Amino acid sequence: MSTHTHPAVFHPQAARMDLPGIRSVAIARPLHWLRDGASDLVKAWPLSLFYGIVFALLGFGLVHSAWVKPHLAMALTSGFLFVAPVLATVFYCVSHRLEHHHKLPTLLVPLLSWRANPASLGLFALMLVFVLSMWERISAILVGLFLNGSGIGSLADLLSVGAVRQHADFVLAYLAFGGVLALMVFSLSVVSLPMLLHSKVDFATALVTSFLATKLNFPVMLLWGGLIAVLIAVGMATDFIAMAVIFPWLGHASWHAYRELIERE
């Protein structure tokens with residue numbers, strides 16, 4: 001992580017929780033996280049790009065398998081943002097190794113990083129599965145309310161300029177519901193997953209710490225979340241081709257965000 005003036009540290013208090021200190025960082029720090037993430041990507045490019053390609057193919061397969069079911073394709077496309085933190089754990093593992101100047105792990109080691117804290121990581125994964133299933137139901141309801149009888153038979157039909165203009169009420173409602181849910185998931189996961197991998201903390205402590213870090217640095221985290229959303233959108237707009245690079249880049253950058261936001265023991 002790059003050197004700079006040490007920011008103020010907030011020490012939250014919570015009943016029966018031993019929470020770490022949370023740093024208040026400058027608004028421009030997300031750009032530095034992206035720079036440091038790019039550096040890790042270059043250093044570990046064979047491993048990072050391998051997993052980037054695997055996850056890009058996974059996203060491509062999920063979205064296109066539901067292409068003729070607009071609500072399901074939309075839920076899976078936008079829901080990729082919800083489950084991305086779990087997939088990114090492999091890149092946290094690699095960045096952690098690089099940070100301590102260790103040898104890069106072998107191909108399958110990052111997939112086994114969950115063994116550092118299996119119970120809490122399992123609970124987190126279950127939470128995200130529940131959120132994704134709930135979002136799929138919300139998407140189905142919105143499509144039923146706004147697009148019933150509209151003649152839209154695939155995601156391509158819905159994404160056309162004419163359809164977006166004609167169904168602007170649906171687009172606004174979808175963005176509103178999706179934005180609220182995405183902000184909730186982001187605030188609870190932005191530092192919790194790397195924290196669960198790095199420290200032997202419980203599920204609740206990680207969630208509370210992540211929420212408080214987002215609250216303390218809300219403008220910064222809003223910018224960070226916006227950058228993530230834009231880059232993920234670029235990856236999807238290229239039919240997941242660019243996602244092979246963008247996803248590991250963001251995964252490594254997210255590790256640096258965690259290391260700067262949370263005080264080291």
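This one's a predicted model, so the numbers in the text were calculated from it and none came from an experiment.
With rounding to the nearest 0.5 angstrom, the CG atom of Leu261 is 10.0 Å from the CH2 atom of Trp224. Between Phe170 atom CZ and Leu142 atom CG the span is 6.0 Å, to the nearest 0.5 Å. Here Phe240 contributes atom CZ and Ile53 contributes atom CD1; the two are 15.0 Å apart, rounded to the nearest 0.5 Å. Summarising the geometry, atom CG belonging to Leu57 is positioned 11.5 Å from atom CE belonging to Met243; distances are rounded to the nearest 0.5 Å. In this structure, CG in Leu41 is found 5.5 Å from CG in Leu49, a value given to the nearest 0.5 Å. Leu196 contributes atom CG, which lies 10.5 Å from atom OH of Tyr92 (distance to the nearest 0.5 angstrom).
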Review point. Are Leu34 and Leu231 close enough, and set up right, to give a side chain to side chain contact (heavy atoms under 4.5 Å, CB included), and what steps lead you there?
Key: CA-CA 11 Å; Leu34 287 175; Leu231 288 171; 4.2 Å; yes

Point to revise | Leu193/Leu121 under side chain to side chain contact (heavy atoms under 4.5 Å, CB included): CA gap, chis, key distance, verdict | key: CA-CA 7 Å; Leu193 268 174; Leu121 286 167; 3.3 Å; yes

Exercise for review: Would you check, one step at a time, whether the test side chain to side chain contact (heavy atoms under 4.5 Å, CB included) holds for Ser254 with Phe91?
Suggested key: CA-CA 9 Å; Ser254 295; Phe91 306 114; over 6 Å; no

Practice item. For Thr209 and Ile262, run side chain to side chain contact (heavy atoms under 4.5 Å, CB included): C-alpha distance rounded to whole Å, both residues' side-chain angles, the deciding distance at 0.1 Å, then the answer. Key: CA-CA 9 Å; Thr209 302; Ile262 304 303; 3.6 Å; yes

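Residues Cys93 and Leu197 have side chains not in contact (no heavy-atom distance under 4.5 Å, counting atoms from C-beta outward). Within the 4.5 Å cutoff, side-chain heavy atoms of Pro20 are placed close to those of Met195. Between Met134 and Ile138, some side-chain heavy-atom pair lies under the 4.5 Å cut-off. Between Leu250 and Leu227 there is no side-chain heavy-atom pair separated by less than 4.5 Å. The closest side-chain heavy-atom distance from Leu207 to Phe124 is below 4.5 Å.
Judged as a ring pair (Phe, Tyr, Trp, His ring centres under 6.0 Å), and not counting sequence neighbours, Phe177 has no contacts. In this view, Tyr258 and His198, Trp255 satisfy the ring pair (Phe, Tyr, Trp, His ring centres under 6.0 Å) rule, not counting sequence neighbours. By the side-chain hydrogen bond (donor to acceptor under 3.5 Å, both in side chains) test, Trp249 pairs with no residue at all, sequence neighbours left out. Listed by chain and number, the residues in a side-chain hydrogen bond (donor to acceptor under 3.5 Å, both in side chains) with Asn217 amount to none (sequence neighbours excluded).
Transitive grouping of hydrophobic side chains (ILVMFWY, heavy atoms separated by less than 4.5 Å) keeps Val190 and Phe218 in distinct clusters. Residues Leu216 and Leu223 are members of one and the same hydrophobic cluster, defined by side-chain heavy-atom contacts under 4.5 angstrom among Ile, Leu, Val, Met, Phe, Trp and Tyr. Hydrophobic cluster membership differs between Val129 and Leu188, with clusters built from Ile, Leu, Val, Met, Phe, Trp and Tyr side chains linked at under 4.5 angstrom. Cluster annotation: Phe186 is not connected to Leu222 through the hydrophobic network of ILVMFWY side chains, with a link wherever side-chain heavy atoms come within less than 4.5 Å. A continuous path of Ile, Leu, Val, Met, Phe, Trp and Tyr side chains, each step under 4.5 Å between heavy atoms, connects Met184 with Val208, placing both in one hydrophobic cluster.
The minimum heavy-atom distance between Gly235 and Thr238, with the atom names listed, is O-OG1, 2.8 Å. Contact between Lys200 and Pro118 at its shortest, heavy atoms only, is NZ-CD, 4.3 Å. Closest of all the heavy-atom pairs between Trp33 and Glu260 is NE1-OE1, 2.9 Å. What you find for Thr106 and Leu47 is that their closest heavy atoms are O-CD1, 4.4 Å. In this structure, Ala244 and Ala56 approach most closely via the heavy-atom pair N-CB, 3.9 Å. Of all the heavy atoms in Val86 and Ala125, the pair that sits closest is CG2-CA, 4.4 Å.
Remark: side-chain polar atoms of Ser210 are not paired, donor with acceptor, to backbone N or O of Ala206 under 3.5 angstrom. With hydrogens and angles disregarded, no donor-acceptor distance shorter than 3.5 Å links the side chain of Asp36 to the backbone of Ala253. Between the Ser187 side chain and the Leu183 main chain, a donor and an acceptor come within less than 3.5 Å of each other. Using a distance-only test at 3.5 Å, with no hydrogens or angles considered, a donor-acceptor pair links the side chain of Ser133 to the main chain of Phe130. The main-chain N or O of Ile241 is never found under 3.5 Å from a side-chain atom of Asp239 such that the two would form a donor-acceptor pair.
The side-chain hydrogen bond (donor to acceptor under 3.5 Å, both in side chains) analysis of residues 37-55, with sequence neighbours excluded, yields the pairs Asp40-Ser95, Asp40-His256, Ser48-His252.
In Phe203, the CZ atom is crowded: over 12 heavy atoms of neighbouring residues, nucleotides or ligands sit closer than 6.0 Å.
With respect to Arg23 and Glu263, no salt bridge is recorded, no charged nitrogen being found less than 4.0 Å from a carboxylate O.
For the residue pair Tyr174 and Ser139, a side-chain donor N or O sits within less than 3.5 Å of a side-chain acceptor on the partner.
By the 4.5 Å side-chain criterion applied to Ile, Leu, Val, Met, Phe, Trp and Tyr, Val180 is assigned to no cluster and stands alone.
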